[in-house]
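Just so we're on the same page: letters track the sequence lines, and every chain starts at 1.
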There are 2 protein chains.
Amino acid sequence: MNKLSLQSYINNLLPMPANKTMLIANQFKEYELPKNELLIKESKLCKETYFLESGFIRSYIRDNNGNEVTTNIFSAPCFVNDFLAFFKQQPANENFQTLTQCVLQKMSYELVQTNFHTHPEFREFGRIMLVTNYSALQSRMLAMIKDTAEERYLKMLKQHPEIFQNIPLKIIASYLGITDTSLSRIRKETILK
Amino acid sequence: MNKLSLQSYINNLLPMPANKTMLIANQFKEYELPKNELLIKESKLCKETYFLESGFIRSYIRDNNGNEVTTNIFSAPCFVNDFLAFFKQQPANENFQTLTQCVLQKMSYELVQTNFHTHPEFREFGRIMLVTNYSALQSRMLAMIKDTAEERYLKMLKQHPEIFQNIPLKIIASYLGITDTSLSRIRKETILK
DNA sequence: GTAATTTCTTGCCAAATGACAAGTTGTATT
DNA sequence: AATACAACTTGTCATTTGGCAAGAAATTAC
């Protein structure tokens with residue numbers, strides 16, 4: 001088994017004995033998905049949690065005009081999930097779709113619960129993930145309020161250049177809260193500067 | 001001591017023996033604030049957590065044009081805090097300001113930690129509060145994306161009519177993500193329907 | 001290699017929203 | 001009661017943004 005990416009990701013966030021990390025990582029099952037597949041579907045239960053080893057995934061919802069609005073873009077390596085829906089075992093609020101071919105590691109809800117019970121470190125890791133996600137959501141919310149689309153674009157370009165090299169701009173535009181037309185205009189202007 | 005509001009609030013969210021609730025509630029200290037006072041200041045540490053017994057409080061930030069943008073409106077009874085900043089003991093991201101005279105109950109961070117350690121129920125209560133807040137933030141985010149300002153206005157009017165009877169419309173407008181001018185126009189149109 | 005599809009840019013126009021100002025109403029203060 | 005202040009509405013105008021469509025460029029499929 002080769003779960004080094006997952007192991008180092010876990011250990012990075014919460015240092016613990018190597019054998020413990022391996023014990024947990026080995027319980028994940030590798031899972032491949034081609035491009036444009038739905039990993040999680042709105043209003044369906046999330047019975048598994050996922051670690052994205054390679055590839056790109058986005059979450060999106062539909063607004064009242066039927067337009068897809070991208071709420072998040074996930075760039076490996078990271079955990080991917082509707083965390084609230086997963087931990088509460090309630091229907092998902094959003095759709096999650098692969099944007100490229102993806103290699104994932106998955107673990108069932110039951111197994112997560114068992115491991116939470118058996119390994120305090122893993123439970124603590126789960127708590128950290130929850131707070132991290134909460135924190136990310138708050139930052140995004142504040143950025144949407146505070147910053148202009150152009151500022152959010154520049155920040156994203158700096159922090160996640162790899163996304164711009166792999167994902168269509170129309171999806172990035174939707175994530176930034178604007179249309180692809182507007183993003184195109186912003187790009188034109190920022191190049192001039 | 002009269003902490004019945006706090007006790008019933010706690011017990012409602014997480015049923016536990018009455019003497020336990022009382023034991024915890026009695027460790028909060030009553031705290032009054034007049035209108036328009038700052039309870040939590042951006043970039044300052046939050047050394048206490050608050051339960052709002054009566055009154056109204058808002059959280060706000062400044063956007064890049066220097067305008068105050070209301071991020072939340074709290075209507076008693078409820079807990080009020082920058083939860084992430086409090087639990088991580090990091091500088092607050094937002095300002096919290098009383099909109100009316102307020103009666104609060106407060107508890108210091110140290111005492112919260114002690115109680116988390118001593119009373120598993122209280123720790124569980126804290127976890128529930130975290131998830132509840134996370135959940136509320138996600139709902140708000142999705143609503144801001146999905147719904148028009150008018151729909152958000154109507155929803156809020158239905159769910160929190162008491163806010164409209166006590167808080168200036170310009171603050172509500174700012175919370176809805178529009179100007180007071182636009183809100184005024186929306187109100188005019190929705191009355192006609 | 002060619003065709004088909006998707007992505008990206010750009011122009012034009014319409015719609016929505018904000019800025020500003022004026023005027024009205026309501027509340028608080030003395 | 002008179003004054004001052006804050007809240008709310010409304011009009012005008014400017015700016016921003018989106019919708020749509022056309023065309024170029026890039027990618028994918030056959």
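- Counted by atom type alone, B/Lys29 and B/Gln105 present zero donor-acceptor pairs between their side chains at under 3.5 Å.
- For B/Ser174, the side-chain hydrogen bond (donor to acceptor under 3.5 Å, both in side chains) criterion is met by B/Thr70, not counting sequence neighbours.
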Show the distances under 3.5 angstrom between N or O atoms of the protein and N or O atoms of nucleotides 27-30 of chain C.
none

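- Remark: C1' of D/dT17 and CZ of A/Arg152 are 13 Å apart, rounded to the nearest angstrom.
- The existence of a salt bridge linking B/Arg58 and B/Glu68 is confirmed by a sub-4.0 Å separation between a basic side-chain nitrogen and an acidic carboxylate oxygen.
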Nucleotide N/O of nucleotides 5-11 of chain D paired with protein N/O under 3.5 Å:
from, atom 1, to, atom 2, distance (Å)
D/dA7, OP2, B/Lys170, NZ, 3.0
D/dC8, OP2, B/Leu169, N, 2.5
D/dT9, OP1, B/Arg187, NE, 3.4
D/dT9, OP2, B/Ser184, OG, 3.1
D/dT9, O5', B/Ser184, OG, 3.0
D/dG11, O6, B/Arg185, NH2, 3.4

Item to complete: Would you check, one step at a time, whether the test side-chain contact (heavy atoms from CB on, under 4.5 Å) holds for B/Tyr9 with B/Phe79?
Response: CA-CA 9 Å; B/Tyr9 186 90; B/Phe79 274 84; 3.6 Å; yes
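- Considering only residues two or more places apart in sequence or on other chains, B/Thr181 meets the side-chain hydrogen bond (donor to acceptor under 3.5 Å, both in side chains) condition with none of them.
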Could you pull out all donor-acceptor pairs under 3.5 Å where a side-chain atom in residues 80-88 of chain B meets a protein atom, sequence neighbours excluded?
from, atom 1, to, atom 2, distance (Å)
B/Asn81, ND2, B/Glu48, O, 3.3
B/Asn81, ND2, B/Thr49, OG1, 2.7
B/Asp82, OD1, B/Ala85, N, 3.3
B/Asp82, OD2, B/Asn93, N, 3.0

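- A donor and an acceptor atom, one from each side chain of B/Gln97 and B/Glu37, are nowhere located under 3.5 Å apart.
- Listed by first and then second residue, the ring pair (Phe, Tyr, Trp, His ring centres under 6.0 Å) pairs that reach into residues 154-190 of chain B are B/Tyr153-B/Phe164, sequence neighbours excluded.
- Helix bend of the helix from C/dG1-D/dC30 to C/dT30-D/dA1: the angle between its two end axes, each built from five pairs, comes to 50° after rounding to 10°.
- Rounded to an integer number of Å, the gap from CG of B/Leu176 to C1' of C/dG18 is 16 Å.
- Among residues at least two apart or in separate chains, ring pair (Phe, Tyr, Trp, His ring centres under 6.0 Å) pairs with a member in residues 127-152 of chain B are A/Tyr134-B/Tyr134.
- Under 3.5 Å, the side chains of B/Glu94 and B/Thr71 contain a donor-acceptor pair of N or O atoms.
- Every residue two or more places apart in sequence or in another chain that forms a side-chain hydrogen bond (donor to acceptor under 3.5 Å, both in side chains) with B/Glu124 is listed here: B/Arg127.
- The distance between atom CG of B/Asp63 and atom P of C/dG18, rounded to the nearest whole Å, is 12 Å.
- Figure legend: B/Lys106 and B/Tyr31 shown as a cation-pi pair, the cationic atom lying under 6.0 angstrom from the six-membered ring centre and within 45 degrees of its axis.
- Scanning for side chain to side chain contact (heavy atoms under 4.5 Å, CB included) contacts around A/Ala173 gives A/Ile178, A/Asp180, A/Leu183, with sequence neighbours left out.
- For residues 66-73 of chain A, proximity to DNA chain D is found at no residue, defined as any non-hydrogen atom under 4.0 angstrom from a strand atom.
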- Task: Please test A/Leu33 against A/Gln101 for side-chain contact (heavy atoms from CB on, under 4.5 Å), starting from the C-alpha separation and ending with a verdict.
- Result: CA-CA 6 Å; A/Leu33 265 184; A/Gln101 209 215 344; over 6 Å; no
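- In this structure, OH of B/Tyr153 is placed 18 Å from C1' of C/dT17, rounded to the nearest angstrom.
- Of the side-chain N and O atoms in B/Thr179, none sit less than 4.0 angstrom from OP1 or OP2 of C/dT17.
- Under the 3.5 Å distance criterion, the side-chain polar atoms of A/Asn166 are matched with a main-chain donor or acceptor of A/Glu162.
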5' to 3', nucleotides 22-30 of chain D under a 4.0 Å protein heavy-atom cut-off (B base, S sugar-phosphate only, - none) gives ---------
